[in-house]
2 protein chains.
Amino acid sequence: MAAQKKGTGGKQPTINDVAALAGVSKKTVSRVINRSEFLTEKTRKAVEQAIETLGFVPNPQARALAFRRNFLIALLHDNPNAQTVLNFQQGVLDAIKDSDLALLVRPVDRGSDRMLDDVRTFLEKQRPIGALLLPPISENDDLAALCEDLGVRYVRVGSAPLDDAKHCVSSNDREVVAEAVRALIALGHRRIGFVRGPQGFRSAAEREKGFMEALAEAGLDLPAAYNAPGNYRYTAGIEAGEALLSLSLPPTAIFCSNDEMAAGVMSVAHAKCIDVPGALSIIGFDDSPTATHIWPALSTVRWPIREMGVRAAKTLVPDFLPLAGKVDESDSGVLNSTFIQRQSVSSPQR
Amino acid sequence: MAAQKKGTGGKQPTINDVAALAGVSKKTVSRVINRSEFLTEKTRKAVEQAIETLGFVPNPQARALAFRRNFLIALLHDNPNAQTVLNFQQGVLDAIKDSDLALLVRPVDRGSDRMLDDVRTFLEKQRPIGALLLPPISENDDLAALCEDLGVRYVRVGSAPLDDAKHCVSSNDREVVAEAVRALIALGHRRIGFVRGPQGFRSAAEREKGFMEALAEAGLDLPAAYNAPGNYRYTAGIEAGEALLSLSLPPTAIFCSNDEMAAGVMSVAHAKCIDVPGALSIIGFDDSPTATHIWPALSTVRWPIREMGVRAAKTLVPDFLPLAGKVDESDSGVLNSTFIQRQSVSSPQR
DNA sequence: ATCAATATTGACACCGGTTACCAAAATGAT
DNA sequence: ATCATTTTGGTAACCGGTGTCAATATTGAT
């Protein structure tokens, strides 16, 4: 029974009650709460005892007012993939579970020209300890500059290091995409198609680089007809599938820049009665729920998004706040993505 | 240019600055902020003018301290479907967009026996205006009782009215499931299988009732072999599919209690080379992203989750806070789900 | 014009912590 | 024992709003 059960109307004990019970001043209690070093072991014990007895919990609103800073972490996101956002949230929450912090969620509207003003107002009002920026909005330098300007700590999450490690958590997508494509090549694929992500997205660029790298290593090239545009949406996958699979010499494998588009390509394959993976291998990226809900199950790259949430939170939280397992300063902030091979891939059969 | 651009260090104006500029007391400014009715038009105008000039934004922390309540809405959820949670979040955010409120997210761990204590501590610390309870945790009466006890407003979201309209937003799932099943019957299906949701879940019970209703109306019954257990997971769909489709006289249509399980059944059909929808029609529930990412696209029931978020927020927020489009008191709090017919359904061909 | 009744406004304490600053106590050096 | 130095505790002010209740302005009736 950790918490004191209190009925309705049972008022929360305040710092004054604790001080009275411990026989010290409220300032001393405050020192204990904030882990000041100038305290006798005896005093500290007495105060901690009183806190325990009363079940005292410092009022965050009062602390926020005095500190001029709320004990909140803001999560700014505009990622359309719900699972990604939620997994990241979960990671953040894992990290701050036993702390005094809470998570404030704020989707931002990248399209809007008032975006920066909106975020500014939000940050000025809520005064969070810091902000976590999820891609693609994390790639916006103005936003990072805004945080700097407002004195709000921030961590950018991305597919590749964006900045110094203090402000960035990322994964090695390029390498792992290359690894996945190498796997296709090792299986004997020579005609490999590519479905791009949207222009101007760092994640899309990284995936493309990895793809090209692996192709180049094997001395293969990418015919223009095998290089289909995309925007991370299912419908773009359908269109790319229609285009690539109608060619007189279609690819035997297609790498799609995300799972949704891969699902689209697979739908087209089904509609055209093309056997997957017999006649066509497909790889996606994200390891979204979709990847395992389609048939055959999609080979994909798992982005360690939840771990990145943990890491991002630990990087964000300043040292003076207690948080289990602070991040090692020397850490580069790069986490590993992993290639997951499932049934959508085999050697080409012809 | 809505917000005043301020460089680093430019301090926020306070209520005192506004009072001084408008030549009134800070209390009067407070009255304007809180839309008190006892104010001359003249005073109000003067204060509003001063607020505008200074670009004053009331400090939420100070207000929270004085009000003894934070201007936050807490979202308590344990729904495994990320899209559902995020859509709901989006609805809530739509509703509170132009208000002073912000959204605090808090997943709860239904399994844990400390769950109630954790939530209690959370609510006592954060002191949100109110809490929104997403299913299935919304079905927990202890949680609602806890909110009552702590004086925290709450709204429960569910598949059927749980309580009085003041505390509940729901959808008419039962009716719409019945409608979907009637559609199958109208197409000529007589052997219709059912994949249940997990025991003890209100949503599962409602869907089952709707299914049974439609069957009963048509004078059909559900053989035990056609009634498969499930737990809303993809793997349960696989198991159910294996069971139902291995029968010597398999159903010509299967209603699954959610989309994930429907995707599982569809995978089995593909693996067994059973044509969907020719030899097997499948219906799911949720209209999750999966529904349109599998092939053929899944007929399903769309749960108006985002609208429910809007409604829930409007129901939750007390009258004294300004919020566009408050909910009509006389409203029952029931929103309409809709049956969406896609390619996974046709008349039975044999 | 006068007075009571009512509508507005303001003074001041308070929400529950923190910081600034000073005093008191403890410690060590001479 | 005395004095300088280091810890520790206390007081008051403050963070930026809101509640209470009395003071003042306005209105209508006489």
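Letters A, B, ... are given to chains in the order of the sequence lines, protein chains preceding strands, and every chain is numbered from 1.
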Open item on the list: Counting C-beta onward and ignoring hydrogens, is there a side-chain heavy-atom pair between Thr14(B) and Asn59(B) closer than 4.5 Å?
Closed with: no
TODO: Measure the distance from CG on Leu65(A) to P on dG17(C) and round it to the nearest whole Å.
DONE: 12 Å
Open item on the list: How many whole angstroms separate atom CG of Asn34(B) from atom C1' of dT20(D)?
Closed with: 15 Å
Open item on the list: Please confirm whether the shortest side-chain N or O distance from Arg63(A) to OP1 or OP2 of dT18(C) is below 4.0 Å.
Closed with: yes
Open item on the list: I'd like to know if the side chain of Arg156(A) pairs up with that of Asn140(A) as donor and acceptor (distance under 3.5 Å, no hydrogens or angles considered).
Closed with: no
Task: Separation of dC15(C) C1' from Gln61(A) CD (nearest whole Å) - done: 10 Å
Open item on the list: How many whole angstroms separate atom CD of Glu124(A) from atom C1' of dG16(D)?
Closed with: 16 Å
Task: Whole angstrom value for the distance that separates P of dC21(D) from NZ of Lys27(B) - done: 13 Å
Task: Presence of donor-acceptor pair under 3.5 Å, side chain of Lys26(A) and base of dG10(D) - done: no
TODO: Could you work out which one of dT9(C), dG17(D), dC15(D) sits closest to the side chain of Thr43(B)?
DONE: dT9(C)
TODO: Establish, with yes or no, whether the OP1 or OP2 oxygen of dG10(C) is under 4.0 angstrom from a side-chain nitrogen or oxygen of Thr28(B).
DONE: yes
Task: Ser25(A) side chain near dG9(D) phosphate (N/O to OP1/OP2, under 4.0 Å) - done: no
Open item on the list: Check this for me: does the side-chain of Arg31(B) come within 3.5 Å of the base of dG19(D) through a donor and an acceptor?
Closed with: no
Open item on the list: If you define the side chain from C-beta out and look only at heavy atoms, does anything of Phe71(B) sit under 4.5 Å from Arg63(B)?
Closed with: yes
Open item on the list: Are the side chains of Leu86(B) and Gln89(A) in contact, using a 4.5 Å heavy-atom criterion?
Closed with: yes
TODO: Report the distance from atom CG of Asn59(B) to atom P of dT18(C), rounded to the nearest whole Å.
DONE: 16 Å
Open item on the list: Looking only at the side chain of Phe67(A) (C-beta and beyond, no hydrogens), which of the listed nucleotides dG17(D), dT18(C), dG10(C) gets closest?
Closed with: dT18(C)
Task: Residue-phosphate contact under 4.0 Å: Asn16(B) side-chain N/O, dG16(D) OP1/OP2 - done: no
- [ ] Rounded to the nearest angstrom, tell me the gap between atom CD1 in Ile51(A) and atom P in dG17(C).
- [x] 10 Å
TODO: With the side chain of Thr14(B) defined as its heavy atoms from C-beta on, choose the nearest nucleotide among dG17(C), dG10(D), dG16(D).
DONE: dG16(D)
Task: Residue mapping more 5' on DNA chain C - nearest nucleotide basis, Thr40(B) or Ala66(B) - done: Thr40(B)
Task: Pairing of Asp149(B) and Arg120(B) as salt bridge, 4.0 angstrom limit - done: yes
TODO: Give Val24(B) one of three labels, base, sugar-phosphate or nothing, depending on what nucleic acid heavy atoms sit under 4.0 Å from its own.
DONE: sugar-phosphate
- [ ] Report which part of the nucleic acid Leu39(B) touches: base, sugar-phosphate, or nothing (heavy-atom distance under 4.0 Å, all strands).
- [x] sugar-phosphate
- [ ] May I have the distance from Ile15(A) (atom CD1) to dC14(C) (atom P), rounded to whole angstrom?
- [x] 18 Å
